[in-house]
**Student:** 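Have a look at the structure that comes next, please.
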Amino acid sequence: MARANEAVAALLQEYADLMSITGGDAFKVRVYEKAARSVDTHPADVGTLDVKGLQQVPNVGKSIAEKIVEYLAHGRIAAMDTLRAKIPPGVRELTAVPGLGPKKAMALYEELGIANVDELEEAIGEGRLAGLRGFGAKTVENLRHGIELSRSSGGRSLIHDAMMIAEEAVGLVGAVTGCLRCCHAGSLRRLRETIGDIDILAAAVEPGPLMAAFAGWDRVREVIVRGEKKTSVRLVDGPQVDLRVVPPESWGAALQYFTGSKEHNVRIREIAVRKGLRLSEYGLFRVDDDSLIVSETEEEVYERLGLAWVPPTLREDRGEVDAARAGELPELIGVEDIRGDLHTHTNLTDGVSTLEEMVAAARARGLRYYAVTDHAKDLPMQRMTDAKMLAQRDRLRGLPAGRPTLLHGTELNIDPDGGVDWDADFLAGFDVCVASVHSHFNQSPDELTRRLVRACENPYVNIIGHPTTRQIGRRAPIEPDWDAVFAAAARTGTAMEINSHPDRLDLPDHLILRAKRHGVRFAVDTDAHAATHLAHLRYGVGLAQRGWLTADDVINTWSLTKLRAFVRAKR
DNA sequence: GCCGTTTTCGGCCCGACTGTTTTCAGTCG
């Protein structure tokens, strides 16, 4: 059974949105938003909790707890129905148009009866917004443009695409005379799986030349805002990039501020307020006399608030603030902890680089061990045979000894019943086996659960590859009973993969957190199909960090001896 | 509506930019 948390969180968020549109108390709106996020990230299934249990969830008090119970029992909330009756659902969708918030959406509905984006587009076309208070010619043109934008792009960028753009922008702005520091911030620095806007932060005494260079970048399609401290542009290939320039002495406070997340920053500022302080992108100030306390480094800002420095990948208001206050932040895994890659391909199947090229790339990256895991024989497209696999093993064993130590593995295909390509005798010849789902994605949750549990129970399966099979923006994740799958993985000594490929990033962070609670081990792999893909490791490690993992949680940070013992223990 | 190192009531994060209602509301991050 899927947890009720997602549905309840969506409902609370909708309640907050409707309240905001109808002009409800802004503080109340915020509470519902906070409660929605708390429920979404709460470890326990809220569907199993009573009113008292629900009140243990942060930001859920008596009133919201009762609404959740009402929803769980009857599938609806009376107060919600009342609000929904006031506002057609399309009005809420209006606020997704850039430049159109709750106030203007409500005005459009009340004054002109506009109840969805299509009607807004029509009204603009007919000039019916003219004369409406707050809707001058420029606003109307911005709305028309906003509709166009939300229809065309709308989507978020894959992390690797955003990173390439950010690195180019940092190179451009950083090279301007007078630029003292420049780096990317925002969700990209937090290594979220997809990126909306790309944030670039720079330090300079005179921002003008930096802004000019940025606005003149040859990839810019349009300049959205252009000010002294902030310039936003949209690139020809879609994404929006924001440049903020701050005085050099504000660097730490600014980096903290522009890294976000918004929710993390709200928590941090609330702590500041309780201490009689005010935190902005310019520094931490005393409220009474407006004097500056600290601003030069992030560490100082956190420290002055009584917190340990929080790694960017944890800044999502998922408990990291309390952990930082208690000195209980995890020692997060880093790229340098990874000693080997356990899921890679060559041109023997669908990779593009040769065995020798892949091994050379692994050596260049300083890996201690490296597993070649081409596809097994049950995927007909890959034309694998027993003979070809054994020949690859001979070729691999024949390569000169040295680092990395080469392991011969395979990526097995988990069939619809949970079986894999070869029998025990053949499987015993491999050093390590990944097993993954590549088809029959729309089995029922029960079938998928049995399938994955059976794969975990196979003594030769060491790692479940890209467990949800999602492809970001293209294929939805499968939805077995993850708690049952993770329990089986923990019980059998089977690792869950954290696949570093930018369009997979699988497991996603919320499932990593869930799996860890079952005591599951993980393998951060690249699933490289070309030598250049080994560099994607940083995204997988970022994802592992977002799941609060330490090096010890991840089997390919272990020594080869310990890794071999992990494999042997299961056989 | 929630919360508490200013605790059971009185607060609730901060600033940039735009457009328009020309002194500020709305939106965004």
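Just the heavy atoms: all of them, side chains too, but no hydrogens, waters or symmetry mates, feed the values below. Lettering of chains follows the sequences in order, A, B, ..., and the numbering in each one begins at 1.
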**Student:** Return the value, rounded to whole Å, for the distance between atom CZ of A:Arg244 and atom C1' of B:dA16.
**Tutor:** 6 Å

**Student:** What is the separation between atom CG on A:Leu284 and atom P on B:dC13, rounded to the nearest whole Å?
**Tutor:** 16 Å

**Student:** Run the salt bridge (Lys or Arg N to Asp or Glu O under 4.0 Å) test against A:Asp290 and tell me which residues pass, sequence neighbours left out.
**Tutor:** A:Arg278

**Student:** Salt bridge check: are A:Lys62 and A:Glu66 linked by an N-O gap of less than 4.0 Å?
**Tutor:** yes

**Student:** What's the CG-P distance between A:Leu54 and B:dC2, to the nearest Å?
**Tutor:** 11 Å

**Student:** Take atom P in B:dG11 and the same atom in B:dT6, then report the distance between them in whole Å.
**Tutor:** 15 Å

**Student:** In residues 308-319 of chain A, which ones come under 4.0 Å of DNA chain B, going by heavy atoms?
**Tutor:** none

**Student:** If you look only at pairs with a residue in residues 301-314 of chain A, which of them pass as a side-chain hydrogen bond (donor to acceptor under 3.5 Å, both in side chains), with sequence neighbours excluded?
**Tutor:** A:Gln256-A:Tyr302, A:His264-A:Tyr302, A:Glu298-A:Trp309, A:Tyr302-A:Arg315, A:Thr313-A:Gln545

**Student:** How would you list, by chain and number, every residue that makes a side chain to side chain donor-acceptor pair (under 3.5 Å) with A:Asp199, sequence neighbours excluded?
**Tutor:** none

**Student:** If the sugar-phosphate is the primed atoms plus P, OP1 and OP2 and the base is the rest, what is the B/S/- string for nucleotides 20-29 of chain B, using protein heavy atoms under 4.0 Å?
**Tutor:** SB----SSSB

**Student:** Name the closest nucleotide to the A:Ser280 side chain, picking from B:dG15, B:dG1, B:dC13.
**Tutor:** B:dG15

**Student:** Looking at A:Glu281 and A:Lys230, is there a salt bridge between them, counting it only when a charged N and a carboxylate O are closer than 4.0 Å?
**Tutor:** no

**Student:** Grab the CG-P distance between A:Asp25 and B:dG10 for me, whole Å please.
**Tutor:** 16 Å

**Student:** Rounding to the closest angstrom, what is the interatomic distance between B:dT8 and B:dC3 at atom P?
**Tutor:** 16 Å

**Student:** For DNA chain B, whose closest nucleotide is more 5', that of A:Val287 or that of A:Gly61?
**Tutor:** A:Gly61

**Student:** State which residues pass salt bridge (Lys or Arg N to Asp or Glu O under 4.0 Å) with A:Glu299; sequence neighbours excluded, sorted by chain then number.
**Tutor:** none

**Student:** Side-chain atoms of residues 173-183 of chain A: list all donor-acceptor pairs with protein atoms under 3.5 Å, sequence neighbours left out, distances to 0.1 Å.
**Tutor:**
none

**Student:** With a 3.5 Å limit on both atom pairs, tell me what B:dC14 is paired to, counting Watson-Crick and G-U wobble, or say none.
**Tutor:** B:dG29

**Student:** OP1 or OP2 of B:dG15 sitting under 4.0 Å from any side-chain N/O of A:Arg278?
**Tutor:** yes

**Student:** In this structure, how many angstroms lie between the C1' atom of B:dC2 and the NZ atom of A:Lys34, rounded?
**Tutor:** 7 Å

**Student:** Between A:Asn142 and B:dG19, is there a side-chain N or O to OP1/OP2 distance below 4.0 Å?
**Tutor:** yes

**Student:** In whole Å, measure the gap between the P atoms of B:dT21 and B:dG26 for me.
**Tutor:** 12 Å

**Student:** If we take the P atom in both B:dC12 and B:dG19, what is their distance in whole Å?
**Tutor:** 31 Å

**Student:** Please report the distance separating the P of B:dT5 from the corresponding atom of B:dG1, rounded so that it comes out in whole Å.
**Tutor:** 23 Å

**Student:** Take atom P in B:dC17 and the same atom in B:dT22, then report the distance between them in whole Å.
**Tutor:** 22 Å

**Student:** Between A:Glu270 and A:Lys34, is there a side-chain N and carboxylate O pair less than 4.0 Å apart?
**Tutor:** yes

**Student:** According to side chain to side chain donor-acceptor pair (under 3.5 Å), who are the partners of A:His518, at least two apart in sequence or on a separate chain?
**Tutor:** A:Asp483

**Student:** What integer distance in Å separates A:Ile68:CD1 from B:dC2:C1'?
**Tutor:** 13 Å

**Student:** At a cut-off of 3.5 Å, list every protein nitrogen or oxygen paired with a nitrogen or oxygen from nucleotides 5-9 of chain B, distance to 0.1 Å.
**Tutor:**
{"residue": "B:dT6", "atom": "OP1", "partner": "A:Arg274", "partner atom": "O", "Å": "3.1"}

**Student:** When you compare the side chains of A:Ser63 and A:Lys67, does any donor N or O come within less than 3.5 Å of an acceptor on the partner?
**Tutor:** yes

**Student:** Whole Å only: how far is the CD atom of A:Glu228 from the P atom of B:dC17?
**Tutor:** 8 Å

**Student:** Which pairs count as ring pair (Phe, Tyr, Trp, His ring centres under 6.0 Å) when at least one residue sits in residues 184-229 of chain A, sequence neighbours excluded?
**Tutor:** none

**Student:** Check the distance between B:dC2's C1' and A:Lys28's NZ and give it to me in whole angstrom.
**Tutor:** 12 Å

**Student:** On a whole-Å scale, what distance lies between the C1' atoms belonging to B:dG4 and B:dG15?
**Tutor:** 28 Å

**Student:** With a cut-off of 3.5 Å and sequence neighbours excluded, list every side-chain donor-acceptor pair involving residues 325-337 of chain A.
**Tutor:**
{"residue": "A:Arg325", "atom": "NH2", "partner": "A:Asp322", "partner atom": "OD1", "Å": "3.0"}
{"residue": "A:Asp337", "atom": "OD2", "partner": "A:Gly334", "partner atom": "N", "Å": "2.8"}

**Student:** Across the strands shown, which category fits A:Ile268 at heavy-atom distances under 4.0 angstrom: base, sugar-phosphate, nothing?
**Tutor:** nothing

**Student:** Extract all donor-acceptor atom pairs below 3.5 Å that involve side chains of residues 122-143 of chain A and protein atoms in other chains or at least two apart in sequence.
**Tutor:**
{"residue": "A:Glu126", "atom": "OE1", "partner": "A:Arg128", "partner atom": "NH1", "Å": "3.1"}
{"residue": "A:Glu141", "atom": "OE1", "partner": "A:Arg144", "partner atom": "NE", "Å": "3.0"}
{"residue": "A:Glu141", "atom": "OE2", "partner": "A:Arg144", "partner atom": "NH2", "Å": "2.8"}
{"residue": "A:Asn142", "atom": "ND2", "partner": "A:Lys138", "partner atom": "O", "Å": "3.4"}

**Student:** If I pick the P atom on B:dT27 and the same atom on B:dT20, what distance separates them, to the nearest angstrom?
**Tutor:** 13 Å

